[in-house]
Amino acid sequence: MATGTSSPEYRYDAQLANTIELKWQSRWEQEGTYFAPNPSGSLADDSTRINFPKLFIMDMFPYPSGSGLHVGHPLGFIGTDVYARYKRMTGFNVLHTMGYDAFGLPAEEHARQTGQHPRENTSTNISNMRAQLRRLGLGHDQRRSVSTTDLDFYKWTQWIFLQLFNSWYDYEEDRARPIEELENRLANGEIETGYGTPWDSLDTSRRKELINSFRLAYLDEAPVNWCPGLGTVLANEEVTAEGRSERGNHPVYRRPLKQWMMRITSYSDRLLEDLEILDWSDAIKTMQRNWIGRSEGAEIHFEISASLIDVFTTRPDTLFGATYMVLAPEHPLLDEIVPDSWPEGTPSIWTNGFDSPRLALTAYQESAAQKSDLDRQEYREKSGVFVGTYATVPVNEKQIPVFVSDYVLMGYGTGAIMAVPGQDERDWEFAEVFDLEIIRTVQPPASWNGNAFTGDGPAINSEFLDGLLVDDAKTKMIEWLEQTNNGVKKTTYKLRDWLFSRQRYWGEPFPIVYDEDQLPIAVPEELLPVALPELMDWAPRTLDENSEPEPPLGRADEWVTVEMDLGDGPKLYRRELNTMPQWAGSCWYYLRYLDPNNDKEFVSKEIENYWMSGDTGGVDLYVGGVEHAVLHLLYSRFWHKVLYDLGHVSTKEPFHRLFNQGYIQAAAYQDARGIYVESAEVKEENGNFTFHGKPVTRHFGKMGKSLKNSVTPDEMYEQFGADTLRLYEMFMGPLDQDRPWETQSVVGSQRLLQRVWRNLINEETGNLEISENSPPLSLRRILHQTVNSVRDDMENLRFNTAIARITELNNELTKLNDPTPREIAEVLVLLLSPLVPHVAEELWEKLGNNSSIVYASFPEADPDLLIDELIEIPIQINGKLKSKITVPSDCSSSDLRNAALADEKISSIVSDKKIKKEIIVEGKLVNFVI
RNA sequence: GCGCCGGUGGCGGAAUUGGCAGACGCGCAGGGUUUAGGUCCCUGUGUCCAUUAGGAUGUGUGGGUUCAAGUCCCACCCGGCGCACCA
């Protein structure tokens, strides 16, 4: 033998593990072990599993990166695999597979760097990733694996787009409905055209425009996030608070462009309300709530000279305390209301030193426009300028000065506020800078010594509201506003419609063409898919701020125009050149897993019903990173609800239970210059770290190339095997927690498997070596207690503690010094099998079973064996542990008391003292207070 | 600033309803096996005092409730994440 291996030939080491793993991986593949039967269609079979309760388990599907996996990537995949395997063994028909989110910016960026066509590059990456995941032994139904870039996948992405395009939102029924119904209702006058003229008198083009303005997918000219660095526009969700692109960190500019939008705002309330029925973490729910940003209040009309300006407020009850008004610098009415000169007696601090309001306003608008969002964050001091005119407070005819300031944002509410410094901290600050009047309209508590008071209290200085608490005062004020036509009750949202087009090549083309009116027309369903044309010159050009986006598809000369017969005979149409954003495919991929080969429907109704049904419906368990809290999870919920409204799916929500796995972090080391050095070569001595003899500093971060701290699964297979890697990742800590990777600790997990192996197998011969005798009762008790805990842990995704219990059981076997009794061996292997399926299959086979352990029954605990005959009871004096006694587990409290008093240590302490109080908890403890 | 999550040995982490803090693993120390190293096996390992027996102390800090607090309550400190002038 090569390298000094005096170790036995059949020791469970990396080499043996690899042999076992490869053997079972090909066996599973040959036998289609993980195929989950459908109730009908091409994936139906005669297996009896279709009669079991179903369970649909999913991972957030990955983007197939070219740089390969590191050990952090598969953490969640292993978690779902273990759970899926456990559930299979407890009688469920489990659907678990894995697809690839292969369209989008990163695929193209990578392709740009390598000069390879995205299509080739993507398919290479997918097959590499499949191979890497296969090597982990994940029990996926490979027949259901899809990629968003497959033609017969994105055909249906386009089909769903058409569903949105061909729908409108009926607010009366609070659901989406087919656009034809809208047309009928416009035609018969049930819905007004909004042009002041009836439907009949509109020409065809006008009618089309009108209909278009109702669609859930619509074209709109609106300020959008233009990112020249990426050559595309981006959704709000893809832009950081610093005003840069989330991907690539390029600057983003707001500018008006005609783009496709998705009417997600119609679903704001339902997206908010239905969070209640979901089994998701509060953190994610809160993030979605914040993003939707619903606030209730009133819109109040203020008169300024001849114009009316609407103001949104959540505190209509404070109207009597409004002492000035503020408009956003971008407010469109500013031009109309600004007078030529300052009114008599304008304080000089209000003018910023300008001779006329118009000059002051222009100067302020320019300086505000130059401030980036980042500056606005750092520069918190209030700035602004008087506009030179006054507004009238509707409730008391008071004249209040109108200011412009950048602390009011055009993008929220109406871009105008009534300022109530008494009850708003920001307004208070501004009022102090410009020396403005402050009127409290809520009585703060006597102890209050702060500025603006935002809490609850009785109204003051507010005439008919005086004495009312905030909620009642709001209601009463809204009543007054509505009765007097001075305002209306109103709810606003932070959520904006979803910008859906991108100027990229590597995405789904829109199934849209334009006719000579330049109005969008749906490509008929039977002509789908609209295939992405082959294009060599696909790279987007990097552009400057003032350029126009140019969709790369515009360069596909042959493809840009198409002859079709859409009812008026064959005609030439111009194609939509934008592509869909990456989120499109991930919005619905879970549905395609269910029925991947269906070429008639995106998913069959019967099959969808089978897999998506459940208490509140949807995927039973969805595991993924927290970074998709608002983007993917919000978009996906939106599409699902549209499909639900149109009758294509049976549940309100796509994902019933969401679980966010933590991240694996790794130590990264920097030298004196701050440059990262290869973590693998850093040495530790007494808490000091050195790299090639020079000191380096350590911190923890995400694994990756940039921190030079990646550890790959392949290295782990070579050193330990896939089962050890799986076991270690599950043992490191709770699945939802971040944890640091430590290669040196992996050996602990290998030792467990080695000891298990040795407890069942003769290391010299490789033969099974167990006893056919019954185990002693004490060991059977431990066995059943272990089974009980492991089941509980598996149900709750607590794999780390499940492994700890199994380890304890195995340690008992090691101590036996006798061959392991078969009764124990079989259960041990079954308990381990979800975690380490390969070695479990091997041992299961050696135990004489000829069918796969995958569908064996998970052990059940005998309740009689869960209770020990004797238990140890702690005895405390004054709450401090002094002694322990061993008593029968059914010991009564009086026996327990006597036994405790009979204990030597206790009697010596208690003897001459009076016991003031006795606390005796049967089966738990005894405490004497003296 | 607001919201959410968290803080337990040298390290990762365990601890149903308040009921023996530190399960399990890594590391470390000692011993056995071995020509040796490694592997493997056994023992020990929160901190402090004590030769031992044993004692004291201990879950971010300070207070409280309780026979009993990692767990419940109040105030605060630190770390991570999210939102951030949202009217």
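In the text below, chain A, chain B and the rest are named by the order of the sequence lines, each starting its count at 1.
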Answer with base, sugar-phosphate or nothing: what part of the nucleic acid does A:Arg805 contact at a heavy-atom distance below 4.0 Å? base
Could you pick out which residue, A:Thr814 or A:Lys884, lies toward the 5' side of RNA chain B when each is mapped onto its nearest nucleotide? A:Lys884
Looking at B:C67, B:C20, B:C24, which one has an atom nearest to any side-chain atom of A:Phe731? B:C24
Spacing of A:Asn660 atom CG relative to B:C81 atom P, expressed in whole Å: 15 Å
Once you measure the plane-to-plane angle for A:Phe430 and A:Phe403, does it fall in the parallel (<30°), tilted (30-60°) or perpendicular (>60°) bin? perpendicular
Look at the side chain of A:Arg496 and the backbone N and O of A:Gly411, then say whether any donor-acceptor pair between them is shorter than 3.5 Å. yes
Does B:G37 have a Watson-Crick or wobble mate here (both distances under 3.5 Å), and if so which one? none
Contact class for A:Glu425 (heavy atom, under 4.0 Å): base, sugar-phosphate, or nothing? nothing
Just to be sure I understand the rule, does A:Asp424 reach a base, reach only the sugar-phosphate, or reach nothing, if contact means heavy atoms closer than 4.0 Å? nothing
Testing B:C26, B:C40, B:C83 for proximity to the side chain of A:Asn290, the answer is B:C83
A:Thr807 side chain: which of B:C24, B:C26, B:C67 is closest? B:C24
When you get a sec, tell me which of B:A14, B:C85, B:G82 is the closest nucleotide to the side chain of A:Tyr407? B:C85
Given atom CG of A:Leu866 and atom C1' of B:U16, what is their separation to the nearest angstrom? 14 Å
Side-chain atoms of A:Leu409 come closest, of B:C24, B:C20, B:A87, to B:A87
Checking only heavy atoms, does the side chain of A:Lys382 share a donor-acceptor pair with the base of B:C85 at less than 3.5 Å? yes
Regarding A:Asn709 and A:Tyr669, is there a side-chain donor-to-acceptor distance under 3.5 Å anywhere? no
Interatomic distance, A:Gln744 CD vs B:C11 P [rounded to whole Å]: 13 Å
Given that both distances must come in under 3.5 Å, which nucleotide forms a Watson-Crick or G-U wobble pair with B:C28? B:G44
Is A:Lys917 side chain donor-acceptor paired with the B:C67 base, going by distance under 3.5 Å alone? no
Describe the nucleic acid contact of A:Gln876 in one word from base, sugar-phosphate, nothing, applying a heavy-atom distance below 4.0 Å. base
Taking the side chain of A:Thr286 as heavy atoms from C-beta outward, which of B:G19, B:G3, B:G25 is closest to it? B:G3
Taking only the side-chain heavy atoms of A:Pro734 (C-beta and beyond), determine which of B:G12, B:A14, B:C67 contains the nearest atom. B:A14
Any luck finding a side-chain donor-acceptor pair between A:Thr414 and A:Asp310 under 3.5 Å? no
B:G9: syn or anti, per glycosidic angle within 90° of 0: syn
Need one value for A:Asp738: base, sugar-phosphate or nothing, where a base atom within 4.0 Å counts as base even if backbone is also close, heavy atoms only. sugar-phosphate
Regarding A:Lys880, tell me which of base, sugar-phosphate or nothing describes its non-hydrogen contacts under 4.0 Å with the strands shown. sugar-phosphate
Select base, sugar-phosphate, or nothing to describe what A:Arg289 touches, counting heavy atoms under 4.0 Å on all strands. nothing
Whole-Å distance separating the CD1 atom of A:Ile915 from the P atom of B:C67: 16 Å
Among B:A87, B:C85, B:G12, which nucleotide has an atom closest to any side-chain atom of A:Arg739? B:G12
With distance as the sole criterion, is a donor-acceptor pair present between the side chains of A:Thr265 and A:Asp497 under 3.5 Å? yes
I want to verify a distance call: between B:G3, B:G12, B:A87, whose nearest atom is closest to the A:Thr314 side chain? B:A87
Whom does B:G82 pair with, Watson-Crick or G-U wobble, provided both distances fall under 3.5 Å? B:C2
Ignoring the backbone of A:Arg751, work out which of B:G12, B:G27, B:A87 is nearest its side chain. B:G27
